[in-house]
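See structure below.
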Amino acid sequence: MDEKMDKSRLGGRVEAILFASGEPVALERMAQALGVRVYAVEETIARLQKKYNRAESGIHLLLLGDTAQFCTNPAFIEPVRAVLDLKRNTPLSQAAMEVLAVVAYNQPVTKAFVEQVRGVDCSGVVGSLVQKGLLEERGRLELPGRPLLYGTTENFLRCFQLHSIDQLPPPPGDGEPGEEEEPEPEPEQIALQPVLA
């Protein structure tokens, strides 16, 4: 395919790929399939985001690291749930949010590290977060017993609507000396806001 492909044709093709996939698609993979450079796909994604990522649009285009995906506008999740009879996800417990925070800011980490930070056993919580697709195994630590390492997933980024892990807000107490610390948000203020693919 000609690299100088018309922008509207390229936009339509990228749009079709993302719509048909239903899952995050690597920008590099799209570029290879379309016979263009990655920067052309990146520019196309940016144009499509301007088209879709508006308050009144039912569909948003998320950029998750080096992948892109269409999803439901979070503002319209309730009517989607009502029509599709989707069960509301059980809110994450305070313990789950704490474990997610420890892993997100220090990954990859072992379960023992999380337990050392929190001061309590985290086996059940870590297992539950892996099952929900918010944490994943990232190999093993080269120590006796070779404990598993855990990190956050693309689903974690999608649920918190982050482009990458670098977009996490600074942890409490990271300010300059003498700076007033902002109060920590209440648990309900940091509850996951999942977006439906």
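Side-chain atoms are counted along with the backbone in the values below, which use heavy atoms only and exclude waters and symmetry mates. Every value quoted in this text rests on a predicted model; they were computed, and no experiment measured them.
- In this structure the side chain of Ile59 never reaches within 4.5 angstrom of the side chain of Asn73, judged on heavy atoms.
- With a 4.5 Å cut-off on side-chain heavy atoms, Phe156 and Leu162 count as touching.
- Other residues sharing a hydrophobic cluster with Val120 under the 4.5 Å side-chain heavy-atom criterion for ILVMFWY residues do not exist; the residue is a singleton.
- Residue Leu149 holds its CG atom at 9.5 Å from CD of Glu137, rounded to the nearest 0.5 Å.
- For Val25, the side-chain contact (heavy atoms from CB on, under 4.5 Å) test picks out Ile17, Leu18, Ser21, Met30, with sequence neighbours left out.
- Residues passing the side-chain contact (heavy atoms from CB on, under 4.5 Å) test with Val130 are Val126, Leu135, Tyr150, sequence neighbours excluded.
- Under the side-chain contact (heavy atoms from CB on, under 4.5 Å) test applied with Val99, the options Val109, Val114, Leu92, Val117 reduce to a single match, Val114.
- Side-chain N/O atoms of Asp121 and Ser123 include a donor and acceptor closer than 3.5 Å.
- Annotation: side chain to side chain donor-acceptor pair (under 3.5 Å) contacts of Arg138 (sequence neighbours excluded): Gln107, Glu136.
- For the side chain to side chain donor-acceptor pair (under 3.5 Å) test, no residue two or more places apart in sequence or in another chain qualifies with Gln131.
- Ala96 approaches Val125 most closely through the heavy-atom pair CA-CG1, 3.5 Å.
- To the nearest 0.5 Å, atom CG of residue Leu129 and atom OG of residue Ser93 are 7.5 Å apart.
- Taking CG from Leu62 and CD from Gln49, the interatomic distance works out to 8.0 Å, rounded to the nearest 0.5 Å.
- By the criterion of side-chain heavy atoms lying less than 4.5 angstrom apart, applied directly or through intervening Ile, Leu, Val, Met, Phe, Trp or Tyr residues, Phe113 is not grouped with Leu143; the two fall into different hydrophobic clusters.
- The closest donor-acceptor contact from the side chain of Thr67 to the backbone of Pro24 lies at 3.5 Å or more, if one exists at all.
- Under the side chain to side chain donor-acceptor pair (under 3.5 Å) criterion, Glu115 pairs with Lys111, not counting sequence neighbours.
- In this structure, CG on Leu63 lies 11.5 Å from CG on Leu48, to the nearest 0.5 angstrom.
- Applying the side chain to side chain donor-acceptor pair (under 3.5 Å) criterion to Arg140, with sequence neighbours excluded, gives no partner residue.
- The stretch residues 43-64 participates, sequence neighbours left out, in these ring pair (Phe, Tyr, Trp, His ring centres under 6.0 Å) pairs: Tyr52-Phe70.
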Could you pull out all donor-acceptor pairs under 3.5 Å where a side-chain atom in residues 164-172 meets a protein atom, sequence neighbours excluded?
residue, atom, partner, partner atom, Å
Ser164, OG, Asp166, N, 3.3
Gln167, OE1, His163, N, 2.4

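- By the criterion of side-chain heavy atoms lying less than 4.5 angstrom apart, applied directly or through intervening Ile, Leu, Val, Met, Phe, Trp or Tyr residues, Met97 is grouped together with Tyr105 in one hydrophobic cluster.
- Separating the CD atom in Glu43 from the CZ atom in Arg47 is a distance of 6.5 Å, to the nearest 0.5 Å.
- With rounding to the nearest 0.5 Å, the separation of CG in Leu34 from CZ in Arg13 is 7.0 Å.
- Legend: residues meeting salt bridge (Lys or Arg N to Asp or Glu O under 4.0 Å) with Arg29, ordered by chain and number and at least two apart, are absent.
- In terms of the side-chain contact (heavy atoms from CB on, under 4.5 Å) criterion, residue partners of Gln32 (sequence neighbours excluded) are, by chain and number, Glu28.
- Among residues at least two apart or in separate chains, salt bridge (Lys or Arg N to Asp or Glu O under 4.0 Å) pairs with a member in residues 52-64 are Arg54-Glu56.
- Under the 4.5 Å side-chain heavy-atom criterion for Ile, Leu, Val, Met, Phe, Trp and Tyr, Leu148 and Val102 are members of the same hydrophobic cluster.
- The hydrophobic clustering, which links ILVMFWY residues whose side-chain heavy atoms are closer than 4.5 Å, places Phe76 and Phe19 apart.
- At least one side-chain heavy atom of Leu100 sits less than 4.5 Å from a side-chain heavy atom of Leu134.
- When side chains are defined from C-beta on, Gln69 counts as touching Leu64, because their heavy atoms get closer than 4.5 Å.
- Nearest heavy-atom pair, Leu61 versus Ala68, reported as atom, atom and distance to 0.1 Å: CD1-CB, 4.3 Å.
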